[in-house]
Amino acid sequence: MEPNNNPDISPFSMFCLKTLSPLTAQRSPGMPMDIDSPFTTTESTPQTNPARFTLFDQNSAIQGKKCTCKCRKTFCLKLYCDCFANGEYCIGCGCMECKNLPEYESERRESITQIMDRNPEAFRRTQPVTTRSCNCKRSGCKKKYCECYGNGFMCNPFCKCEGCLNIPG
DNA sequence: GAGTTTGAAACT
DNA sequence: CAGTTTCAAACTC
């Protein structure tokens, strides 16, 4: 009778119960995002401003948020690296053996290609934050381990989390 | 600051 | 594609 107090109900059910917002509103087909090419720096776009750490064009870049990773083993060329995942170069990070830098552009491209080949929407910047989902098991989606909670959003019908407490209500 | 926990990403 | 491993961040002490 009080669904918002039941932590065992799935986020999907809860979402439907509490909001019933139109799902289609979250993914409009003509979404103005360059989904197929999140890293738009090509030879046709000379890097006149190498000091910038964003990889995306200025309009789509995540502004005002400087990532500072501490990656040690991945050369900052995997999605483990927040900077890389967000399409930013590592500048001023505490990472080791970083290759997420303009001077390693070829290796970066190679990694990007590999990741995109596996999942064309892998790069977070291509997904609206609000449509991301989580698979949390132990955090109750109430810690920043949770992608949804960490981004300041409720869990959504696409989440597969267990014992979710990050629910509208 | 060191060690533990967590869940996404990567791998098999 | 499911299960396992690796990874780096979040968290705890």
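The figures here come from the full heavy-atom set of this structure, side chains too, leaving out hydrogens, waters and symmetry mates. To find a chain, count down the sequence lines: A is the first, B the second, and so on, and within it residues start at 1.
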(request) For A/K99, enumerate each residue passing the side-chain contact (heavy atoms from CB on, under 4.5 Å) test, keeping only those at least two apart in sequence or located in another chain. (result) A/F75, A/L77, A/Y104, A/E107
(message) Checking contacts here: which listed nucleotide (B/dG7, B/dA8, B/dC11) is nearest the side-chain heavy atoms of A/C134?
(response) B/dA8
(message) Starting from A/Y149 and following side-chain heavy-atom contacts under 4.5 Å between hydrophobic residues (I, L, V, M, F, W, Y), which residues can be reached?
(response) none
(request) Flag yes if more than 12 heavy atoms outside A/K70 fall under 6.0 Å of its NZ atom; otherwise flag no. (result) no
(request) At under 4.0 Å between heavy atoms, which parts of nucleotides 6-13 of chain C does protein reach? Answer with one letter per nucleotide, 5' to 3': B base, S sugar-phosphate only, - none. (result) BBSBBSS-
(request) State, to 0.1 Å, how close A/C141 and A/N166 come at their nearest heavy-atom pair, and which atoms those are. (result) O-CB, 3.0 Å
(message) From CD1 of A/I115 over to P of B/dA10, roughly how many Å is that when rounded to an integer?
(response) 5 Å
(message) Is the phosphate of B/dC11 approached by A/R118 (side-chain N or O, under 4.0 Å from OP1 or OP2)?
(response) yes
(message) Could you tell me how far apart A/R138 (CZ) and B/dT4 (P) are, to the nearest whole angstrom?
(response) 15 Å
(request) Starting from C1' on B/dC11, measure out to CG on A/N119 and report it in whole angstrom. (result) 15 Å
(message) For the helix from B/dG1-C/dC13 to B/dT12-C/dA2, what angle separates the axis at the start from the axis at the finish, each from five pairs, in steps of 10°?
(response) 10°
(message) Nearest 0.5 angstrom please: A/C98 SG to A/E103 CD, how far?
(response) 8.5 Å
(request) Can you see which heavy atom on A/A122 is nearest to which on A/L79, and at what distance? (result) CB-CD1, 3.9 Å
(message) What is the distance, to the nearest angstrom, from the CG atom on A/L77 to the C1' atom on B/dC11?
(response) 17 Å
(message) Tell me every residue that passes side-chain hydrogen bond (donor to acceptor under 3.5 Å, both in side chains) with A/Q114, counting only those two or more places apart in sequence or in another chain.
(response) none
(request) To the nearest Å, give me how far apart NZ (A/K137) and C1' (C/dG3) are. (result) 12 Å
(message) Could you work out, with side-chain contact (heavy atoms from CB on, under 4.5 Å) as the rule, every residue matching A/K73, not counting sequence neighbours?
(response) none
